[in-house]
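Predicted model only: the values in this text are computed from it and were never measured. Within every chain, numbering begins at 1; the chains are lettered A, B, ... in the order of the sequence lines, protein sequences first and strands thereafter.
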Protein chains: 2
Amino acid sequence: MPPRRATIKDVAAAAGVGVATVSRVLSGTGSASPETRERVLAAAARLDYRPSALGRSLKLGRSGGLGLLVPGLANTFYGQLADGVLACARSMGEHVVVGATGDDPEREASLLGSLVEQGVERVVAVPSGDGLGENWEPALRAGLRVVFAGRPGPGSAPSVLTDDRAGVQAAVDYLGGLGHRSIGFLGGPATARERLFRDALAAIRMPADEELIVAARATRDSAYAAAASLFQRRPDVTAVLAADNTLGEAAVLAARELDLRIPRDVSVIMFDDVPWAELCGPPLTVVAQPAHDLGYRAAELALRDRPGPDRTLLPTELIVRNSCAPRTPR
Amino acid sequence: MPPRRATIKDVAAAAGVGVATVSRVLSGTGSASPETRERVLAAAARLDYRPSALGRSLKLGRSGGLGLLVPGLANTFYGQLADGVLACARSMGEHVVVGATGDDPEREASLLGSLVEQGVERVVAVPSGDGLGENWEPALRAGLRVVFAGRPGPGSAPSVLTDDRAGVQAAVDYLGGLGHRSIGFLGGPATARERLFRDALAAIRMPADEELIVAARATRDSAYAAAASLFQRRPDVTAVLAADNTLGEAAVLAARELDLRIPRDVSVIMFDDVPWAELCGPPLTVVAQPAHDLGYRAAELALRDRPGPDRTLLPTELIVRNSCAPRTPR
DNA sequence: ATGAAAGCGCTAACAG
DNA sequence: CTGTTAGCGCTTTCAT
């Protein structure tokens with residue numbers, strides 16, 4: 001049987017002082033005679049005392065800790081974002097409680113509930129796809145401080161985003177410049193980029209062909225199916241923009257399966273400059289997003305005391321590699 | 001100012017009963033008249049009451065929650081492993097507190113300390129590279145229940161591992177069968193596979209050339225440098241085994257940079273069947289590890305009440321793609 | 001069936 | 001400078 005963890009009382013007894021003194025010495029608050037300090041510190045060390053955050057939080061009413069809600073960590077983009085959040089939290093001495101929503105609003109709601117029960121009152125979240133966000137209403141009203149990252153949150157909640165509009169436009173401009181006229185769009189659960197895609201097309205006076213815009217659910221299979229069906233239904237697409245790295249992966253897989261050569265038969269651009277984009281055969285042209293920064297900044301905002309700006313926009317960058325070529329009719 | 005969260009007292013008052021009754025009704029313990037039940041439930045719902053896990057944990061002495069310590073989440077392998085842990089935790093209604101160690105024992109120790117302060121008493125961890133593990137001694141003695149995943153923990157602590165011996169042997173056998181005699185090994189912070197590599201070589205009666213065995217630190221740069229220097233110092237290596245996906249990535253990058261064609265000039269096998277292995281140019285032959293399962297099983301063990309087996313070994317699988325070819329002298 | 005009260009570990013007033 | 005005490009939200013005897 002493991003010996004019960006030492007409490008502040010044990011330390012007080014061992015040092016021959018009152019509990020308040022121990023608390024003061026250990027938290028640096030108030031003053032204590034050097035000699036007492038010494039004794040307390042020694043006793044604490046000897047007993048391997050670790051103050052209970054539970055006790056402290058309960059007393060203080062506020063419980064440190066940062067919640068983090070992402071679709072899933074197997075996706076490199078969210079992994080990087082999460083690492084950014086962890087880095088910031090660590091630098092501020094806060095712990096973080098994570099949950100994987102699977103882009104499912106119901107799971108998100110339940111996870112959110114459990115965060116609240118844990119006493120977490122600040123969270124950074126990549127909101128689940130549907131975008132309706134009625135999940136967040138009550139939490140926000142209840143005083144939970146949430147900063148959305150990577151995708152805009154509902155209402156006026158603060159969000160740290162990438163400049164997707166510019167990113168999508170850059171991709172579309174690039175493809176358009178290469179002569180492509182039938183550009184497909186592979187979208188995911190978050191549909192914001194889909195609208196931006198239409199806008200980008202309009203900006204260069206190209207009509208949006210609804211059949212070329214497809215949306216997949218948050219699974220690998222669904223992404224693949226969406227990509228394959230797009231290529232099959234419309235053999236005339238000569239270029240495709242994938243809204244995230246999962247979709248990009250699906251696009252190259254589907255193209256390969258269908259014997260479409262990249263970039264000869266189809267040009268591909270995807271969002272997210274994941275490390276493998278460069279290793280891909282051929283190396284993929286991407287719209288890079290600063291995933292780590294996204295997380296770091298969001299965490300910073302959530303953890304800082306003063307509310308930050310409602311919208312932080314981080315730049316995207318079109319990184320040209322070898323997955324796009326001038327249009328040649330298929 | 002956000003309205004303070006409702007407490008059990010508020011519910012009791014609103015329902016016109018004592019706090020004990022509320023507690024009993026809400027936790028399903030004890031009995032209550034249907035009519036009282038009704039009133040309590042209604043009041044709780046109306047006030048949007050969420051029981052405080054802090055209060056409960058403090059009272060109960062035990063605090064749910066699972067700690068998770070990994071090198072970092074940007075690495076797909078750990079991301080998948082973490083997803084496995086999250087999946088299991090969620091199914092058992094536990095929350096998860098994560099930390100990224102960066103494979104640094106010091107950070108690991110500090111993170112571990114903060115977990116203990118949070119009242120977490122069960123953790124799954126990918127122990128940091130050094131393998132000395134004096135970090136864990138005290139925690140283990142203090143009754144912390146830790147299950148190691150992916151890498152063996154120090155001492156006799158329970159671990160959920162992949163059958164690396166078989167995996168390394170399969171890779172070496174395969175390469176040997178292809179005629180390779182100078183096989184390089186790219187190792188990381190965790191050195192266990194390095195020993196297995198020597199063993200595997202011995203098993204097929206090949207001498208281990210120390211100069212062909214290199215170890216990188218846990219950064220992308222270090223991995224790249226290690227790979228590049230291996231290729232440059234020893235132009236006679238015709239094959240290389242990379243101990244994880246980061247190292248594998250470095251190997252193909254370095255090879256490309258040095259104008260070494262895969263697999264014509266060098267054959268490459270890496271650990272971890274990350275999604276991009278198939279997309280790589282050329283598709284990479286890998287030793288697949290069930291990352292998600294690793295995490296799920298480890299979490300299961302950590303969360304179950306009875307201690308499980310000390311060692312769970314999950315199978316690896318050699319997945320042959322196109323990154324290896326018969327040896328041709330360079 | 002239900003309420004009153006104790007106490008988990010901690011911090012902040014308040015005395016001394 | 002330091003000790004005593006109340007009380008954070010909750011569960012759990014113990015009475016009623």
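Residue-level contact check: Ser57(B) touches neither bases nor backbone, having no heavy atom under 4.0 Å from any strand. Within 4.0 Å of Gly55(B), counting heavy atoms only, lies at least one base atom of the nucleic acid. Among the heavy atoms of the strands lying under 4.0 Å from Ser23(B) is at least one base atom, whether or not backbone atoms are also near. The residue Ala20(B) sits close to a base: some heavy atom pair falls under 4.0 Å. Using a 4.0 Å heavy-atom cutoff across all strands shown, Thr36(A) reaches sugar-phosphate atoms only and no base atom.
Using a 4.5 Å heavy-atom cutoff, the side chains of Pro152(B) and Arg311(B) are in contact. At least one side-chain heavy atom of Phe77(A) sits less than 4.5 Å from a side-chain heavy atom of Leu294(A).
One atom, CD of Glu35(B), and another, P of dT2(C), lie 8 Å apart when rounded to the nearest Å. Remark: P of dC10(D) and CG of Leu58(A) are 9 Å apart, rounded to the nearest angstrom. Summarising the geometry, the separation between CD on Glu38(B) and C1' on dT2(C) is reported as 17 Å, rounded to the nearest angstrom. Computed from coordinates, the Ile8(A) CD1 to dG3(D) P distance equals 12 Å when rounded to whole Å. For the pair Tyr49(B) OH and dG9(D) P, the computed distance is 10 Å after rounding to whole Å. Atom CG of Leu54(B) is separated from atom P of dG9(C) by 14 Å (rounded to the nearest Å). Across the protein-nucleic acid pair, Leu26(A) atom CG and dG9(C) atom C1' stand 13 Å apart, rounded to whole Å. Counting to the nearest Å, the P atom of dG9(D) and the CG atom of Asp10(B) are 8 Å from each other.
Residue Ser33(A) places at least one side-chain N or O closer than 4.0 Å to OP1 or OP2 of dT2(D). Proximity of Arg56(A) to the phosphate of dG9(C): no side-chain N or O atom is located under 4.0 Å from OP1 or OP2. Using a 4.0 Å cut-off, some side-chain N or O of Lys9(B) falls inside it from OP1 or OP2 of dC8(D). In this model, the phosphate group of dT2(D) is not approached by any side-chain N or O of Ser31(A) to a distance below 4.0 Å at OP1 or OP2.
Residue-to-nucleotide proximity on DNA chain C shows that, of Gly61(B) and Arg37(B), the 5′-proximal contact is made by Arg37(B). Toward the 5′ end of DNA chain D lies the nearest nucleotide of Thr21(A), the other residue of the pair Thr21(A) and Lys59(B) mapping further downstream.
Checked by atom type and distance alone, the side chain of Arg145(A) pairs as donor or acceptor with a backbone atom of Asp305(A) at under 3.5 Å.
Listed nucleotides: dC10(D), dG9(D), dT5(D). Nearest to the side chain of Val19(A): dT5(D). Among the nucleotides dT2(C), dG3(D), dG9(C), the one closest to any side-chain atom of Arg24(A) is dG3(D).
Using a 4.0 Å cut-off between charged nitrogen and carboxylate oxygen, Arg217(A) and Asp104(A) do not count as a salt-bridge pair.
His95(A) and Gln118(B) share a donor-acceptor pair across their side chains, judged by distance under 3.5 Å alone.
To the nearest 0.5 angstrom, Tyr78(A) atom OH is 7.5 Å from Thr246(A) atom OG1.
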